[in-house]
2 protein chains.
Amino acid sequence: MKRRPTSIDVAERAGVSQSTVSRALAGSEVITEATRARVLRAAEEIGYFVDERAARLRRGSTGTLAVVVICRPGESAADINPFSYMLLGSVCLAASERGFETLVSFQAREEQFFGHYEERGWADGLVVIGTTTNRAAWDYFRGLEKAERRVVYWGSPFDDLEWVRSDNRAAGRLAVEHLLAQGYRAPCFLGAIDSPQHQFAERYEGYCDAMRAAGLEPCLVPTRDGATREEEGAAAVEAWLDQGGGADAIFAACDAMALGALEALKQRGVAVPGEVGVAGFDDLPAARFAQPTLTTIAPDPAAAGSLLVDALFNAGDDAPLRRVPVSLTVRGSTAR
Amino acid sequence: MKRRPTSIDVAERAGVSQSTVSRALAGSEVITEATRARVLRAAEEIGYFVDERAARLRRGSTGTLAVVVICRPGESAADINPFSYMLLGSVCLAASERGFETLVSFQAREEQFFGHYEERGWADGLVVIGTTTNRAAWDYFRGLEKAERRVVYWGSPFDDLEWVRSDNRAAGRLAVEHLLAQGYRAPCFLGAIDSPQHQFAERYEGYCDAMRAAGLEPCLVPTRDGATREEEGAAAVEAWLDQGGGADAIFAACDAMALGALEALKQRGVAVPGEVGVAGFDDLPAARFAQPTLTTIAPDPAAAGSLLVDALFNAGDDAPLRRVPVSLTVRGSTAR
DNA sequence: CTGAAAGCGCTTACAG
DNA sequence: CTGAAAGCGCTTACAG
């Protein structure tokens, strides 16, 4: 047989109807085990596989999940954020565990933006992994009418989109509790709380909660827009030192800022972790290699994938979990 | 209109036949511009998108490329090799540039192995990104009859499978030329040349070529199987030092071995890059953070994706390019 | 428990 | 340049 075998070929060989082949292969309860065995054998013998194009057309659903990773224009595969890759892997793994295939797309430029996977019969739902920095992408995806579309976002700056996020408040609390346990007396928060990156503000809130719970006054070292997060962190720390400092520990809104802070402190001859402790958020690969190595808090990537996929398909449930648990990794920058 | 609009709905609204809608939307040359404009407008107005399930069923092809990333059993998203992720991104980007969607799957355990994407009508071809270490996966994929299947492999230990690889010989030559240019006089090769990781032997051959071209005698410091590549590298360097050393530079078959070598040299008080220069292959993230930072050679990830996709669809062409160009990154470990 | 028949929504020869 | 008709290969009511 030269052409691709069809279910009719299997039916003939097994001596049953096409309907029976379909039911047997789909695992229908109604089929006799003897019949099923005959069908499976015939299918195996002629190398038959169900053609999913036809099956999906008839069935209506696709068994596929689309995943869009938003990048910055001009970024090559090597430039893409390692955390985005991890999240992608995590979503694919979670989808696979639930029996879904994953259609993956990296989107950077305006002309590439595309979210109509359901309309095209490509997928039953969409997970968007974003970085706040590509504003045009967020505008595009926000513009997709939500009605009749299953979609969930990671990293959305918009609260009105269906999102899954790190438990940022817990992160803020964890940081403070750790710093106090290490003997620091006055941890400050380094970051911008009015940033479109709303999650920074959430971390700040958690920080404030824990400070007040410990009877301490929150203290904000504000950053301002810079070319990179590192520079923002470094500049803010320098300004803070110029004003006389005052805190003995820093919880930075993200690792990149924390790394910048580390750099600035080193420049100014402030000992870390001796005089000042530093903690960040993200667990970037660079955190492991900084000098001193950087204490940090990060979401569990495996949990992130599961929550994203579950949020997509349990949207009807009351209170689907949307906060990814975070955990603390203690390293040199707070080890005194 | 509550139900999903079809091409018949568009036809009615534009006052043309279903055939014309199909042709207009597919960009057929034969359609009048005026007609096409009417059709496009009607489609836009009712929010119509071509149902790809039906289109593909009728057309026969899928416009999709399957990508399988082989992992190790038990690996979570966070454990997967960053280079595999980069390669995945690179393949997706290259596929997208050529108008293909990408169906991505991470496969680790024996029960999960699956390569019948074409038979299922899921894809027109398959790219497998492997790591030599998952032998069971290679056995599975090697077992898929090659006939009638479009498939190309990265990292295959088997030469009889359709592969794309780094230009390993060029890497060996580059390493030697760089080391000699830095004033080293006797570079040796650190690695196992009979490893199932055939690419190590290729790097050794390139090394030998360049050594002989410079009138020097190749010198192999052999590694033996260890728990990790780092340990293999460290153990081999220690054994070599015990025997009196003799070389003044090391080109290691991979960065992990080079990092182990760096560690062993530090233990023994041998100065790098002063007394001995060290270069590796891969450009692992850790190479940037080693002490001293590690000079290394690596394939261009963007090129890798392009070559993989092209190898898939130009299999008929004579001499498709299958060697990914490599480049040298000079860092501290050879900077003297 | 199994079969005959309809139909999912397209694309593409075949006519004109 | 456009239309009427067939058919891609399944799944699923509907009968029996």
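Below, read A as the first sequence line, B as the second, and so on, with proteins coming before strands; counting in each chain starts at 1.
- A salt bridge is absent between A:D51 and B:R56; no separation between the charged side-chain nitrogens and carboxylate oxygens falls under 4.0 Å.
- Between B:S22 and C:dT12, a side-chain N or O to OP1/OP2 separation shorter than 4.0 Å is absent.
- Across all non-hydrogen atoms, the minimal contact from B:V50 to B:A55 is CG1-CB, 4.1 Å.
- Nearest nucleotide to the A:L57 side chain, out of C:dG9, D:dT11, C:dC10: C:dG9.
- Below the 3.5 angstrom threshold, one finds no donor paired with an acceptor across the side chain of B:R53 and the base of D:dG9.
- Considering only side-chain atoms of B:R59, the nucleotide from C:dA4, C:dT11, D:dC10 that sits closest is C:dT11.
- With distances taken from any side-chain atom of B:D51 to the nucleotides C:dC8, C:dG3, C:dC10, the minimum falls on C:dC10.
- B:T20 has a side-chain polar atom (N or O) that falls below the 4.0 Å cut-off from OP1 or OP2 of D:dG3.
- B:I31 comes within contact range of the sugar-phosphate backbone alone, with a heavy-atom separation under 4.0 Å but no base atom that close.
- At the heavy-atom level, B:E52 lies nowhere under 4.0 Å from the strands shown.
- Applying the 4.0 Å criterion to OP1 and OP2 of D:dG9, one finds that A:T6 has every side-chain N and O outside that range.
- Taking a pair as Watson-Crick or G-U wobble with both distances under 3.5 Å, DNA chain C forms stems of 3 or more consecutive pairs at C:1-3 with D:14-16, C:5-12 with D:5-12, C:14-16 with D:1-3.
- Minimum interatomic distance between A:P73 and A:R109 (heavy atoms only, all atoms of both residues): CB-CG, 4.2 Å.
- Looking at heavy-atom distances under 4.0 Å, A:T32 makes contact with sugar-phosphate atoms alone, never a base.
- Comparing A:E29 and B:F49 by the nucleotide of DNA chain C that holds the closest heavy atom to each, the one mapping nearer the 5' end is A:E29.
- Between the base of D:dG9 and the side chain of A:R56 there is no donor-acceptor pair shorter than 3.5 Å.
- Counting only heavy atoms from C-beta on, B:R58 has its side chain closest to D:dG7 among D:dG7, D:dT2, C:dG3.
- Residue B:V30 has its side chain nearest to D:dT2 when only D:dT2, C:dC10, D:dG3 are considered.
- Aromatic pair A:F158/A:Y153: centroids not less than 6.0 angstrom apart.
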